[in-house]
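Since the structure comes first, as structure tokens, the remarks are kept for the end.
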Amino acid sequence: MKMNHHFSELPGSYLFSEVAKRVAAHRAARPEQGIISLGIGDVTRPLCRPVVAALAEACFEQGRAETFHGYGEEQGDLFLRQAIAGHYAGLGVRVEPEDLFISDGAKSDLAGLSELFSPGCTVLLQDPVYPAYRDASLLAGRRVEYLDAVRENGFLPLPGPGCRADLVYLCSPGNPTGAVYSREQLAAWVAWANAQGAVLVFDAAYEAFIADPALPHSIYAVPGAETCAIEVCSFSKTAGFTGTRCGYTAVPRTLQREGLNLHDMWLRRQTTKTNGVSYPVQRGAAAVFTAEGQAACRENIALYRRNAQCLAACLEELGIWFCGGENSPYLWLECPDGMDSWQFFDHLLQGAGVVGTPGSGFGKNGEGYFRLTAFGAEADTAEAVRRILRLYGR
């Protein structure tokens, strides 16, 4: 029997299992304290009314012979792809419905896209990095190299003269750092990828949190991206679909490498490995793009932004350096008093009953840093801030 020994190289899996282990032990020892989690990036606001209404109506349709839907279109139903294309148009970006693929969420596509590349390809990641990029690449047997994302470059590295890779994952706004690439910085990546024959996988899961109008919401805001970039996005953080599951990926028909069309390859891969997303979920997702759906999503995002501002004010009062939180739901802070990431995790957990995510789990450059999320309930976030301030004698 031949085993995949790359499983032993997956620190991301260790990160979340260790967090769960320490939280369970603390809860058993201090059941009276109550734990507030600002760690995992799960949302707390429910699905908005237009989405729930669309889901319910679609379910009723499935219960009537005259409106029953069986297998849908292989890329996802056209009504949803047209709605997504309309969303892009509202951002000043042109993406054709024919270039869009509907899936059960961004993570599935972020992992699956590497299957279009040969086992000998080189994947370039940032460090610190969202663990799913690294783990999926290692599990597929890819060679993985890293660019240092550090405070000196704003956690936004750019390709240098000797940079070589076949596949590059970029996330903006970034997870875990909350850093956002400017249009000029993305243009540098696009120019490099087109010159190198590389492919960029751009994770735009948090684009709805960008408040600065000068910052791009999509890689396709940069001319030339249509010949080098695939964009992956999700309804999870923008519309609360973490438990409902729906996302989308744009693979332009203009994207070719070595005589192969990546759009056609992805279509074949998807139709081989999945039957797509259920009709009711797609109807619910389409309701996100109605006027009522967009208003409800903006209201929820505004709440998460208030949480981020509350956390930022706490860190500023304590004199703790951080970035993110302004155009992102994540705050990336330097562990105070010289503590390493896990020491600070234990300090917050034991002293305040607050859970965050140790930065070392995102890579070597994450050591000494810590991630907090703004996705908690508003009252819980306010209570977490009170506990943290009290922990530091404020």
For [X], look at atom [atom1] and say whether over 12 heavy atoms of other residues, nucleotides or ligands are found less than 6.0 Å away.
X    : atom1 : value
R143 : CZ    : no
R49  : CZ    : no
E32  : CD    : yes
R94  : CZ    : no

Plane angle bin for F16 and F362 - parallel if under 30°, tilted between 30 and 60°, otherwise perpendicular: perpendicular

Relative to the ring of H347, is the ring of Y392 parallel (under 30°), tilted (30 to 60°) or perpendicular (over 60°)? perpendicular

Atom pair CG (D109) and OG (S114), whose distance is rounded to the nearest 0.5 Å: 11.5 Å

Rounded to the nearest 0.5 Å, how far apart are CD of Q343 and CG of L348? 12.5 Å

Cation-pi check, R283 to F79: give yes when NZ or CZ is under 6.0 Å from the six-membered ring centre and within 45° of the ring axis, no otherwise. yes

Run the side chain to side chain donor-acceptor pair (under 3.5 Å) test on E61 and Y279 for me, step by step, so that the C-alpha distance in whole Å, both residues' side-chain angles and the decisive distance to 0.1 Å come before the verdict. CA-CA 10 Å; E61 287 183 43; Y279 172 75; 2.7 Å; yes

Residues R81 and E96 bridged, charged N to O under 4.0 Å: no

Can E57 and R64 be counted as an ion pair, charged N to O under 4.0 angstrom? yes

Locate the shortest heavy-atom distance separating [X] from [Y]; write the atom from each residue and the value.
X    : Y    : answer
I301 : T238 : CD1-O, 4.3 Å
S236 : R245 : OG-NH1, 3.3 Å
G72  : D77  : CA-OD1, 3.8 Å
G240 : T244 : O-OG1, 4.5 Å

Do T271 side-chain atoms and L267 backbone N/O form a donor-acceptor pair below 3.5 Å? yes

For the backbone of E98 and the side chain of H263, can you confirm whether one donor and one acceptor N or O come within less than 3.5 Å of each other? yes

Ring centroid separation [X] to [Y] under 6.0 Å:
X    : Y    : answer
F241 : Y248 : no
F155 : Y369 : yes
F289 : F235 : yes

Name the atoms and distances for all side-chain donor-acceptor pairs under 3.5 Å in residues 329-339, with sequence neighbours left out.
residue, atom, partner, partner atom, Å
Y330, OH, Y206, OH, 2.9
E334, OE1, R151, NH2, 3.2
E334, OE2, R151, NH2, 3.1

Is there side-chain contact between [X] and [Y], with heavy atoms separated by less than 4.5 Å?
X    : Y    : result
L125 : L147 : no
T272 : R268 : yes
Q126 : L170 : yes

Do you reckon I102 sits in the same ILVMFWY cluster as V95, going by side-chain contacts under 4.5 Å, direct or chained? yes

Between [X] and [Y], a side-chain donor and acceptor under 3.5 Å:
X    : Y    : result
E231 : Y88  : yes
D212 : N327 : no
Y146 : N365 : no
E226 : T254 : no

Can you list the steps and then say if L200 with V190 is a side-chain contact (heavy atoms from CB on, under 4.5 Å)? CA-CA 8 Å; L200 307 176; V190 166; 4.3 Å; yes

